[in-house]
Amino acid sequence: MRLMSYDIVYNYEDDDNGYKEGDDIDHDIKVDIKPLYNTLACLSLQNDFANIFASKEFCDVTLVAKDGSELKAHKAILCGRSPVFAAMFRNNFQENKTNRIRIDDMDAEVIEEMLKFLYTGGDISGKFAEELFIAANKYSILDLQTMCENILINTMKVATVADILLLADRHTNEHLKTKAVKFIVNNIKTVAETEGWKKLCQTDHDLSRLVLDETERTAKRRRFSGDRYVRYSSDSISSIASYVRYSSDGSRDSNSSIESNGLPNL
C-alpha cells in the first residue's frame, strides 16, 4: 500500500470490476498532508524569527526598561504585531525621531518576554502573566492578551484572586473578571482571610460589593435548591461585610448588619 500525496485520488475498484475481497491489490490512497507541511513551515518560521531576535542583527530601535536596561528590536516586527507601536513610528512622535522607546512601567525581563512573543508567537512564562497582560492591553497585542488571560484563569489561587479581579476590572476584561468573581464566591471564607481581599475592600468598595452581592445570590440559590455544597456562617460573612463598610476616611460604618440567615444585609 502506498501513501500518496494529497492530490492523488483514492482509486478503489469494487466487485463489479472483478475485484473481490482478499485480492492482492495495490490501492492508491488519498492522504491530505497539507496540515503537516503547514505545521513544519510554521515551526521553521518561528525558529527563524527566534534566531533573528536572539542575534540582534539589523536592529533599528531600542526599548528602555524602567531600570534603564536597553533591549534591541526591529521596527518592522513591532509595527507588524502592535498597532500602538505602529502609530509611534507612523506619526511624528519622539520615538520616531530617536528610535528609542522608554517603558518606565515594565521590568527588562518582562519586556524581553513580550518581545519574544512578538517575534515568535510562542508560549510565555506563567510567572509574567500579570505583567504581560498589562503590556498586552497597553500595546494592543490581542493574542498575547488572550494567552495571559487563559493562564490567569487556569492558575487562579486563593491568595492572589483578589488581585486578578482588580486587574481584570481595571482593564475591562469581563471574561477574566467573571471567572475571578466566581472563584471568590466559591471560596469566600478562605479568600476573605487574604491580604489581597482586605486591601480590595478598602480601596474599591464597588468591586468588593459586587462580589458580596454575587455571594448572597449564590448562597440563596443553593439554599433554595437544597444544595449543601457550601454553608456560610454568620461570623464569616460578618467579617467580610465589615471590610466593605469603610467610609472614605477609613472608619467603619457602625450601621452594618447581618441578616438572620447569615448573609450580609446589603
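Just so it is clear, the structure is predicted and the values come from calculations on it, not from any experiment.
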Aromatic rings His74 and Tyr119: how do their planes relate, parallel, tilted or perpendicular, breaks at 30° and 60°? perpendicular
Any Leu118 side-chain heavy atom under 4.5 Å of Leu78 side chain: yes
Option passing side chain to side chain contact (heavy atoms under 4.5 Å, CB included) with Leu132 (candidates Ile141, Val110, Ile111): Val110
Heavy-atom count check: over 12 atoms from other residues, nucleotides or ligands less than 6.0 Å from Phe89 CZ? yes
Contact list for residues 52-77, test salt bridge (Lys or Arg N to Asp or Glu O under 4.0 Å), sequence neighbours left out: Lys66-Asp107, Glu70-Arg100
Please check if Ile188 and Leu200 belong to a single hydrophobic cluster, counting links between Ile, Leu, Val, Met, Phe, Trp and Tyr side chain heavy atoms closer than 4.5 Å. yes
Could you tell me whether the side chain of Met147 reaches within less than 4.5 Å of the side chain of Phe117, counting heavy atoms only? yes
Step through the shown structure and confirm whether more than 12 heavy atoms of other residues, nucleotides or ligands are within 6.0 Å of CZ on Arg170. yes
What are the two closest non-hydrogen atoms of Lys138 and Val84, and how far apart are they? O-CG2, 3.6 Å
Might you work through the side chain to side chain contact (heavy atoms under 4.5 Å, CB included) test for Phe183 and Val158, ending with a clear yes or no? CA-CA 8 Å; Phe183 184 95; Val158 166; 4.1 Å; yes
Considering non-hydrogen atoms only, spot the tightest contact between Thr194 and Thr190 and give its length. CG2-O, 3.6 Å
For side chain to side chain contact (heavy atoms under 4.5 Å, CB included), just list the numbers for Gln145 and Asn173, CA-CA rounded to whole Å, side-chain angles, deciding distance to a tenth of an Å, and then say yes or no. CA-CA 10 Å; Gln145 178 183 331; Asn173 188 307; 3.5 Å; yes
Could you walk me through whether Ser44 and Leu40 pass the side chain to side chain contact (heavy atoms under 4.5 Å, CB included) test, one step at a time? CA-CA 6 Å; Ser44 177; Leu40 292 175; over 6 Å; no
Which side-chain hydrogen bond (donor to acceptor under 3.5 Å, both in side chains) pairs, counting each pair once, include a residue from residues 160-169, with sequence neighbours left out? Asp169-Lys177
Asp204/Lys199 under salt bridge (charged side-chain N to carboxylate O under 4.0 Å, His left out): CA gap, chis, key distance, verdict: CA-CA 8 Å; Asp204 196 321; Lys199 181 180 179 181; over 6 Å; no
Taking all heavy atoms of Met156 and all of Ala180, pick out the closest pair and write down the distance. SD-CA, 3.8 Å
Just by distance, no angles: are the side chains of Thr178 and Glu174 close enough, under 3.5 Å, to form a donor-acceptor pair? no
Closest non-hydrogen atom pair between Val191 and Trp197, with its separation: O-CB, 3.2 Å
With a cut-off of 6.0 Å (strictly less than), are more than 12 heavy atoms of other residues, nucleotides or ligands near CG of Asp104? yes
